[in-house]
Protein chains: 2
Amino acid sequence: MSVDSAALLTQRLSRRAALTSQELEELGNLPYSRRRLAPATYLVREGEPVTFCAILLEGCAIRHKIVRDGGRQIVSLCVPGDALDFQSLYLEYADHNIQTLTYATVDLIPVSAFRDLTSRCPGVAKAISKDILIDCAMLREQVTSLGRRDGRTRFAHALCEFAARSPSRLSQDVEHHLTITQEQMGDLLGLTTVHVSRLFKDFEKNGLIDRNRGTITYQLSDELIEEGDFNSLYLHGDEVPLRSA
Amino acid sequence: MSVDSAALLTQRLSRRAALTSQELEELGNLPYSRRRLAPATYLVREGEPVTFCAILLEGCAIRHKIVRDGGRQIVSLCVPGDALDFQSLYLEYADHNIQTLTYATVDLIPVSAFRDLTSRCPGVAKAISKDILIDCAMLREQVTSLGRRDGRTRFAHALCEFAARSPSRLSQDVEHHLTITQEQMGDLLGLTTVHVSRLFKDFEKNGLIDRNRGTITYQLSDELIEEGDFNSLYLHGDEVPLRSA
DNA sequence: CGCCCGTTTGAAATAATTCAACACCGGTGG
DNA sequence: CCACCGGTGTTGAATTATTTCAAACGGGCG
């Protein structure tokens, strides 16, 4: 398969802000090099300078931080189409790690090329700002979940968010597939693998998810939305409408 | 006192990116109207459109979200100098509430004026992006705290962050004053008021903080930094250096 | 086959919550 | 001036969500 990162990026940014034809062209001309990455490959490490901006074409990646006692917190999940390093476009050092979760395809664009582009194209700069702001909004929701929702609710919420953001969600009642270990899910939800295991079992028993060899399959049902206290407002339109006519 | 919001904003953004003299001038010419606000005044409400951008001159404000069962999570704390609404500069609706914590002075700048400015001045747009990215970084740290640190550590961490960001921190060994109720602190840390009360008592007993009528006083000591698993890397220079020569 | 990683399960331990009562304190009004 | 009041903080005891520990399971793979 040959997804075009330029096309993907252009499409994404166009959704954020109106771009002139010249801006579109400049976006198309960004230099990039494609990489195929194994699961668990680090793209960025906390404390290190970042010199390229990666666009995720296929697969999933995570941002995470490590705390004193060795615990890991997954700060966000990245899905295809996400730019992994707008974060570092203007910041010198990475404050967190970025790592692939599955096999993944990325296009690497030199940060310098990106910086040139944004200083010349205000429309692109605006679209990127908006993209970053949506990231912020998702982080605020994550903070809210971790601070004030219990494990069950957090889990359901995370499933809803993943489904709502998934590019595969073009029509209603699609089945979503999430390949993630229970340890990873625990690190995302701020829970233990043991506890996640029990939640998985419970959700499966209640028919909210199906499981098969490390991947879970589910639909974005009303029940799940209710269970997860999920309201897609915070995605700011970065999702397919929940109730398409 | 007459702090100038234009000056404060200019100073803040200059720290983020190099601005041309023309950009500085345009920043100085932004129209604004000053407001003095009582504690607990809402500036922005979740779900509503935002039409102005507030610059906080004096006092503290919070961003917060409400969950299904009525619980509140404070998503971040705003200190003087913070722009409260870069969030909404490009997003149509607010996904969270913004409320003053104490008496506060703000300058309100119409969002439209700001948008004009950023489309004309790439330097300003860049500085704002960087500002937003630092917000993101603080949110990631907050996620990490809530997900993987226990109550004690979270509390100490929050104190460190507040101190490190405080504009009063011009030299070492300053005393920091934080006026906050235990309920608010609980909502910030994802804890109960009862638990916060016990933490306060414990920290006071250990000499990490002093208390007097709802305000706590403390220094950013090595002990506190250790207790809070605090590393200021994530502030990306948005703080006074910890160990000034 | 045997190993390793991820998962499952039960039992015991713990951090934090809930509940409930009470203390404190500044403000208000009789 | 005192009595009362509401908001805030404190304390203890009981409860709960979640963790920790430990052991066993399963399945894919060299």
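Reminder, nothing fancy here: chain letters follow the sequence lines and each chain counts from 1.
In this structure, B:Arg211 reaches the D:dT10 phosphate: one of its side-chain N or O atoms is under 4.0 Å from OP1 or OP2. For B:Ser197, a side-chain nitrogen or oxygen approaches OP1 or OP2 of D:dT10 to under 4.0 Å. The phosphate of C:dG6 has neither OP1 nor OP2 within less than 4.0 Å of any side-chain N or O from A:Thr181. In terms of phosphate contacts, A:Arg152 brings no side-chain nitrogen or oxygen within less than 4.0 Å of OP1 or OP2 of D:dA17. Under 4.0 angstrom from either OP1 or OP2 of C:dT7 there lies no side-chain N or O belonging to A:Lys201. Remark: A:Gln182 is in phosphate contact with C:dT8, judged by side-chain N or O atoms under 4.0 Å from OP1 or OP2.
A donor-acceptor contact under 3.5 Å is formed by the side chain of B:Arg198 with the base of D:dG12.
A cation-pi arrangement, defined by a distance under 6.0 Å to the six-membered ring centre and an angle within 45 degrees of its axis, is absent between A:Arg152 and A:Phe155.
Atom CZ in B:Phe155 sits about 16 Å away from atom C1' in C:dA16, given to the nearest Å. Atom CG in A:Leu146 sits about 12 Å away from atom P in D:dT18, given to the nearest Å. Between B:Arg149 atom CZ and D:dT19 atom P the separation is 16 Å, expressed in whole Å. For the pair B:Asp150 CG and D:dT20 C1', the interatomic distance rounds to 15 Å; values are reported in whole Å. Residue A:Asn212 contributes atom CG, which lies 12 Å from atom P of D:dG27 at whole-angstrom precision. A straight line from CZ of A:Arg148 to P of D:dA17 spans 16 Å, rounded to a whole angstrom. Nucleotide C:dT8 holds its P atom 8 Å from the CZ atom of A:Phe200, rounded to whole Å. Rounded to whole angstrom, the span from the CD atom of B:Glu183 across to the P atom of C:dT17 amounts to 13 Å.
Looking at A:Tyr93 and A:Glu46, their side chains never bring a donor and an acceptor atom within 3.5 Å of each other.
A side-chain hydrogen bond (donor to acceptor under 3.5 Å, both in side chains) with A:Arg140 holds for exactly one of B:Gln87, B:His64, B:Gln73; it is B:Gln87.
Here the side chain of B:Leu191 is nearest to one of C:dA16, D:dA22, C:dT18, namely C:dA16. You'll find that the side chain of A:Arg154 is closest to D:dT18, out of D:dT18, C:dT17, C:dG26.
Contacts of A:Gly214 with the nucleic acid, taken as non-hydrogen atoms under 4.0 Å apart, are absent.
Of the charged side-chain nitrogens involved, at least one lies within less than 4.0 Å of a carboxylate oxygen, so that B:Arg12 and B:Asp82 count as a salt-bridged pair.
Position along DNA chain D of the nearest nucleotide to A:Gly190 versus B:Val196 favours B:Val196 as the more 5'-ward residue.
A donor-acceptor contact shorter than 3.5 Å links the side chain of A:Thr181 to the backbone of A:Gln184.
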